[in-house]
Amino acid sequence: MNKIEHIGIAVKDLDASNKLFAALLGTSHYKTEEVTSEGVKTSFFKAGPNKIELLEATNQESPIAKFITKKGEGVHHIAFAVDDIESEIERLQKEGFVVLNAVPKKGADNKLVAFLHPKSTSGVLIELCQEIVP
Ligand code: ZN
């Protein structure tokens, strides 16, 4: 795995949190994107070399809606950049990690993504993401 690509934060109200994080980081979000398949609306911030992804549920079936019901707003996942997501999934499965989607799917920000179940990673939802090269 490479660097931390971004940290994902579940929020109840994206507009309100966009304002809050703009004030916190001293810069506005640079993009928003809806991922219909995941039932989320996202926005991205840059803080130096780091990225923050805010996620708001767009329906009650969304994993973000379920997360907020259970735990409230807060850090939802840590995403690591990988060069080859398929081989990384295979490696992690061999190590005994529970991969939630063994077939990578299209996530926000032009990435192929896969998630590791928090029960196999000390309670932290881990996202693997590989940039889609056009
Ligand atoms: Zn993410």
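Numbering of ligands and ligand atoms starts at 1, following listing order. Everything numeric here is computed off the predicted structure, so don't read it as measured data.
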### Task
List the steps and the verdict of salt bridge (Lys or Arg N to Asp or Glu O under 4.0 Å) for Glu56 and Lys12.
CA-CA 6 Å; Glu56 179 196 63; Lys12 285 182 183 162; over 6 Å; no

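Residue contact annotation: Cys129 places no N/O/S atom under 2.8 Å from the Zn ion (ligand 1). Residue side and main chain included, Glu127 places an N/O/S atom under 2.8 Å of the Zn ion (ligand 1).
Side chains of His76 and Glu53: a donor-acceptor N/O pair is absent below 3.5 angstrom, by distance only.
More than 12 heavy atoms of other residues, nucleotides or ligands lie within 6.0 Å of NZ in Lys106, so this atom counts as buried by the packing criterion.
Rounding to the nearest 10°, we obtain 90° for the angle at the Zn ion (ligand 1) between His6 NE2 and Glu53 OE1.
Taking the six-membered ring for Trp, His29 and Phe44 have ring centres at least 6.0 Å apart.
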